[in-house]
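Below, read A as the first sequence line, B as the second, and so on, with proteins coming before strands; counting in each chain starts at 1. The structure presented is a predicted model; accordingly, all values stated were derived computationally and were not measured.
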Amino acid sequence: MTAQRVGTREEWLAARTALLEREKALTRRSDELARERQELPWVPVEKEYRFETDDGEKTLPELFDGRSQLLVYHFMFGPAYDAGCPTCSAAADTFDGGVVHMNQRDVTFLCISRAPLEKLQAYKRRMGWSFPWVSSLGTDFNFDFGVSFTEQQQREGAEYNYHPVRLMSILEAGVAADAIEALATDVGTDIAGYLTELPGLSSFALEDGAVYHTYSTYARGGEFVLGFYPFLDRVPKGRDEGEPPENWIRRHDEYADA
Amino acid sequence: MPEHAVGTREEWLAARKQLLEREKELTRRSDELARERQELPWVPVEKEYRFETDDGEKTLPELFDGRSQLLVYHFMFGPSVEGWPEIGCPGCSYTADSLDVAVEHLPHRDVTFLAVSRAPLGNLDAYKRRMGWSFPWVSYGDSDFNLDFAVFTEEGRRTGKGFNFDTPKHADIDLRNEELHGLSAFALEDGVVHHTYSTYDRGTDALNATWQLLDRAPKGRGDDFEGWPRRRFEYPGRSA
């Protein structure tokens, strides 16, 4: 028999209705933060970046593709990787279908990674995605927006998610080191090669030919792109990932029964 | 210069770090509500329902497909939906575009996900092919399934009133005639199905990551929803 309390419909309804008020408060708070994001000052992007795209070399203003807003998902696929990060791949499973709808809201959405364009193209074909994906290899773009790290930064310290981090220090934690090593092997590199990249999402506005950086989010701030978590937050047993959380996410074609 | 306030990197960073604290607080609050959902009592489902599926007629326990948890997305595809009987609701289609491949990860957490609608199975299958989706989709036909998991009192089932736990803004909706979208969760234990959770209206916002992405674009999700969202093939210049 279940450890869970079984109740009557009336008991459930009373508890559910009380929870609804707290859920509505969360939705209102989420709307409020969305407004606050729009109030952040815009910072002009003065550096020139060049990206390799399916349609040849492009500048940052050109990536807007005629729209006034650009959303960039920083997909972890470093120069040393042979395949994209499995968790970013699960995020891509989520946002791929939303791109056409965002485009209709004057928003261009794309992924940027440091791996050479051919690797990105081959992996995208394997996974069956259609979002645009461009390479920033050889530019400072990923470093300037806080998602790529040199080996020196990994050892001596860098900033991620608005906080100082020493990426190599997480390896001292033992369990994490095993998990990171497994991920590194999975993408075809070693720990130092894997930790050159971390995930994030950045937003830009284009006005009168000038590009402005408006927002960036990292770590759990970007968790919403893993579209299955909001569903798991609503099932009887929740995420149920254990402590430390089990690393269960695989590429959609790599699950045992896929 | 844009109408929007332009600032230095330092000004932006100071404001962004403050906002980060509020964002973290929201994440923690969201985690807390997820825990509270798990504490809701489970209600045994005593009525028997039959669904038309790609593998023939199935009961509710059979829909779990060997797993212990079931998530049902109530996709609006019935006589009250514009485009009936060929095409499903535009808003649900927008959400389906976001969840389609993402839900393929759920079976690996002991969760079976499927969509249920009123339309006959053949119509669901045809629309699903047209949209290129792969999630399982079953028909509840003329059964009370949707009504039973939209209103939870005898009065509600008799009058069709009380959508979204009696939220006043929906007081006029009659669920006997109108389909609305939502998500319901069920647990299967020792052969018995329990209903654990249902959410509707903006409670389903979080299930569609595209909303959250737009909430991070410079101009946000906007407030003009004329002609958006639509089914993909209905946007100008698109056929699929």
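- Heavy-atom distances place the backbone of B:Thr8, and not its side chain, under 4.5 Å from chain A.
- For B:Glu32, no part sits under 4.5 Å from any heavy atom of chain A, backbone or side chain.
- When heavy atoms are compared at a cutoff of 4.5 Å, B:Lys219 approaches chain A by way of both its backbone and its side chain.
- Neither the backbone nor the side chain of A:Asp96 comes within contact range of chain B; no heavy atom of the residue lies under 4.5 Å from a heavy atom of that chain.
- Two rings, from A:Tyr212 and B:His4, have their centers 6.0 Å or more apart.
- Contact of A:Glu246 with chain B is made through the side chain alone, with heavy-atom distances under 4.5 Å.
- Of the possible polar contacts, none joining the A:Arg220 side chain to the B:Lys24 backbone as a donor-acceptor pair under 3.5 Å is found.
- Taking CG of A:Leu20 as the start and OG1 of B:Thr167 as the end, the distance is 5.5 Å to the nearest 0.5 Å.
- Both the backbone and the side chain of A:Leu26 come within less than 4.5 Å of a heavy atom of chain B.
- Note: B:Arg221 CZ to A:Met102 CE = 13.0 Å, rounded to the nearest 0.5 Å.
- Only the side chain of B:Leu13 comes within less than 4.5 Å of a heavy atom in chain A; its backbone stays farther off.
- In this structure, the portion of A:Phe204 lying under 4.5 Å from any heavy atom of chain B is its backbone and not its side chain.
- At a 4.5 Å heavy-atom cutoff, the contact between B:Leu207 and chain A is made by backbone and side-chain atoms alike.
- At a 4.5 Å heavy-atom cutoff, A:Leu226 makes no contact with chain B through either its backbone or its side chain.
- One distance of note links NE2 of A:His101 with CZ of B:Arg231; it measures 11.5 Å at 0.5 Å rounding.
- The distance from the CG atom of B:Leu20 to the OH atom of A:Tyr162 is 7.0 Å, given to the nearest 0.5 Å.
- Checked against the 6.0 Å centroid threshold, A:Trp12 and B:Phe152 count as a close aromatic pair.
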A:Arg22 vs B:Glu36, test: side-chain contact (heavy atoms from CB on, under 4.5 Å). Steps then yes/no.
CA-CA 10 Å; A:Arg22 297 191 289 276; B:Glu36 290 186 25; 2.5 Å; yes
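- Contacts of A:Arg35 with chain B are absent, with no heavy-atom separation under 4.5 Å from either backbone or side chain.
- Contact detail for A:Gly7 and B:Pro44: the closest heavy-atom pair is O-CD, 3.8 Å.
- A 4.5 Å side-chain heavy-atom check between A:Asp31 and B:Arg202 finds at least one atom pair inside the cut-off.
- Only the side chain of A:Leu71 comes within contact range of chain B, judged by heavy atoms closer than 4.5 Å.
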Check against side-chain contact (heavy atoms from CB on, under 4.5 Å), B:Arg16 and A:Thr217
CA-CA 9 Å; B:Arg16 179 67 189 92; A:Thr217 191; 3.8 Å; yes
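- For B:Asp166, no part lies near chain A; criterion is any non-hydrogen pair under 4.5 Å.
- Between chain A and the residues B:Pro2, B:Ala206, B:Gly222, the largest count of heavy-atom pairs under 4.5 Å involves B:Pro2.
- Distance alone, capped at 3.5 Å, places no donor-acceptor pair between the B:Arg216 side chain and the A:Tyr215 backbone.
- Here the CZ-CG distance, from A:Phe224 to B:Asn208, works out to 11.5 Å after rounding to the nearest 0.5 Å.
- The line from NE2 of B:His105 to CZ of A:Phe231 is 12.5 Å long, rounded to the nearest 0.5 Å.
- Across all non-hydrogen atoms, the minimal contact from B:Pro218 to A:Gln38 is O-CG, 3.4 Å.
- For a residue to count as touching a neighbouring chain, one of its non-hydrogen atoms must lie under 4.5 Å from one of that chain's; by this rule A:Asn161 touches chain B with backbone and side chain alike.
- For a residue to count as touching a neighbouring chain, one of its non-hydrogen atoms must lie under 4.5 Å from one of that chain's; by this rule B:Phe186 touches chain A with the backbone only.
- Using a 4.5 Å cut-off between heavy atoms, B:Val103 touches chain A through its side chain atoms alone.
- Both the backbone and the side chain of A:Lys237 come within less than 4.5 Å of a heavy atom in chain B.
- Relative to the six-membered ring of B:Trp228, A:Arg105 meets both conditions, a distance below 6.0 Å and an angle of at most 45° to the axis.
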Full working for side-chain contact (heavy atoms from CB on, under 4.5 Å) between B:His108 and A:Arg250:
CA-CA 9 Å; B:His108 308 284; A:Arg250 301 283 175 276; over 6 Å; no
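- At a 4.5 Å heavy-atom cutoff, the contact between A:Ser30 and chain B is made by backbone and side-chain atoms alike.
- Residue A:Val107 touches chain B through its side chain alone, counting heavy-atom pairs closer than 4.5 Å.
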